[in-house]
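Heads up: the structure comes next, in structure tokens.
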Amino acid sequence: MDYLYIFGGLIGLFFGGEALVRGSVSIARRMLISPLIIGLTVVGFGTSTPELLVSVQAALRGVPDIALGNIIGSSIANILLIVGLTALVWPIRIAAAAMRRDIIFMIASVLLLVPLFAMGELGRISGLLLVAGLSVYLVLTFLSSREDTTEDENPAAQSSLIVSVSWMTFGFVALLFGAQFLVDGAVSVARGFGVSEAFIGLTIVAIGTSLPELATSLIAAFRHQSDIAIGNVIGSNIFNVLGVLGVTALIAPISVSGRFLSFDLPILIGVSCVLAGVLLTRPQIGRGIGVLMLLGYAAYLYAAR
């Protein structure tokens, strides 16, 4: 039954995330928001909803290692696994000037976790600080979107407003139940096999909650929409750290075990800086870099045991 819970939870997260993103992107396009802004905000937030619901569920059930492992592990998977696979499908062209602010926010958000994790617990004050940072990012992004709006979208080709809202509603409900099933199954399996809850959160749960990001980025890659693919990853990581972790800490304070500060967080900071360096110095992320990222993710999973 535990494995059925995990499988059912993953299915719910995948289809729920896809439905939520489909509805929200359709509404955003009706508002003539540019593809990069859609990827950084609407898609990034929508695909981070599974992480939010799973982490909140885990924190409320007294398993903080799964809550933190889900957020940190999902952010690492976004960079190494999703960017790697996406680059294999189609090289990701980079508009570094357009996303410089977003890259800076991504790096600053993960560096902010160092002093917060060092305190040993993420309380409501820490959560408020993270959410405030997300609010600043959203305000700056939407102010800049006024200059980046595009008029080449055909509103008539988009779904009707009722259909879009229906997709969003279905997606949220599927995500809610999927998160509950995934947490229940993962906790039972971890305790049954004597595997640490942190490792389960960093691997099974993190990859499961990253399925919407993976699906969205791969679909964008097949359609040669590099802006949405890379914007989805950067935006999702910003929402993971500032939004998901911030909201979770506001709802239920999270104790931080030593392994996150000494191992997993430094890995996240390192791969974030590598991604930032590639985005700011190269015209595209090719298949060679994609392979290196996938090998890096395999090495991380091996070392994280």
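- Val244 and Ile125 end up in different hydrophobic clusters when Ile, Leu, Val, Met, Phe, Trp and Tyr side chains are linked at under 4.5 Å.
- Side-chain atoms of Val205 and Phe199, non-hydrogen and from C-beta on, never get closer than 4.5 Å to each other.
- The side-chain heavy atoms of Leu202 and Leu301, taken from C-beta on, include no pair separated by under 4.5 Å.
- The closest donor-acceptor contact from the side chain of Arg93 to the backbone of Gln284 lies at 3.5 Å or more, if one exists at all.
- Side-chain contact between Leu250 and Leu130 is absent, with no heavy atoms from C-beta onward closer than 4.5 Å.
- In this structure, Asp102 and Thr141 have side chains that are in contact, with non-hydrogen atoms separated by less than 4.5 Å.
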Test side-chain contact (heavy atoms from CB on, under 4.5 Å) on Ile254 and Leu245 and set out the steps. CA-CA 9 Å; Ile254 308 169; Leu245 189 55; 3.9 Å; yes
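- Counting all heavy atoms, side chain and backbone alike, Ala87 lies closest to Arg287 at O-CG, 3.3 Å.
- Minimum heavy-atom separation, Glu51 to Ser210: OE2-OG, 4.0 Å.
- With a 4.5 Å cut-off on side-chain heavy atoms, Ile234 and Phe105 do not count as touching.
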Run Leu85 and Leu294 through side-chain contact (heavy atoms from CB on, under 4.5 Å) and show every step you take. CA-CA 7 Å; Leu85 287 175; Leu294 293 176; 3.9 Å; yes
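- Considering all non-hydrogen atoms of both residues, Pro253 and Gly123 come closest at CB-CA, 4.2 Å.
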Report the C-alpha separation of Asp65 and Phe260 in whole Å, then their side-chain angles, then the decisive distance to 0.1 Å, and conclude whether the side-chain contact (heavy atoms from CB on, under 4.5 Å) test is met. CA-CA 9 Å; Asp65 282 355; Phe260 290 109; 3.7 Å; yes
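- At least one side-chain heavy atom of Tyr297 sits less than 4.5 Å from a side-chain heavy atom of Leu81.
- Between Tyr300 and Phe263, the two ring planes are parallel [angle under 30°; tilted spans 30° to 60°].
- Hydrophobic clustering, with ILVMFWY side chains joined whenever heavy atoms are under 4.5 angstrom apart, keeps Ile92 apart from Leu292.
- Leu279 and Met99 make their closest contact through CD1-SD, 4.3 Å (heavy atoms, listed as atom of the first residue, atom of the second, distance).
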For Leu214 and Asn78, what are the C-alpha separation, side-chain angles and deciding distance, and is it a side-chain contact (heavy atoms from CB on, under 4.5 Å)? CA-CA 8 Å; Leu214 177 59; Asn78 283 348; over 6 Å; no
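- The distance from the CG atom of Leu88 to the CD1 atom of Ile285 is 11.5 Å, given to the nearest 0.5 Å.
- For the pair Val114 and Leu265, the minimum side-chain heavy-atom distance is below 4.5 Å.
- Residues Gly243 and Leu134 approach most closely at CA-CD2, 3.5 Å, considering heavy atoms.
- Expressed to the nearest 0.5 Å, how far CG of Leu68 lies from CG of Asp264 amounts to 9.5 Å.
- Contact of the Leu275 side chain with the Leu80 side chain is not registered, since no non-hydrogen atoms from C-beta on lie closer than 4.5 Å.
- By the 30° and 60° cut-offs, the orientation of the rings of Phe170 relative to Trp167 is perpendicular.
- Under the salt bridge (Lys or Arg N to Asp or Glu O under 4.0 Å) criterion, no residue pair touches residues 288-297, with sequence neighbours excluded.
- Looking at every heavy atom in both residues, Met119 comes nearest to Ser126 through CE-OG, 3.5 Å.
- For Ser109 (side chain) and Met106 (main-chain N/O), a donor-acceptor pair under 3.5 Å exists by modelled atom type.
- Between the side chain of Arg124 and the backbone N or O of Ile251 there is at least one donor-acceptor pair closer than 3.5 Å.
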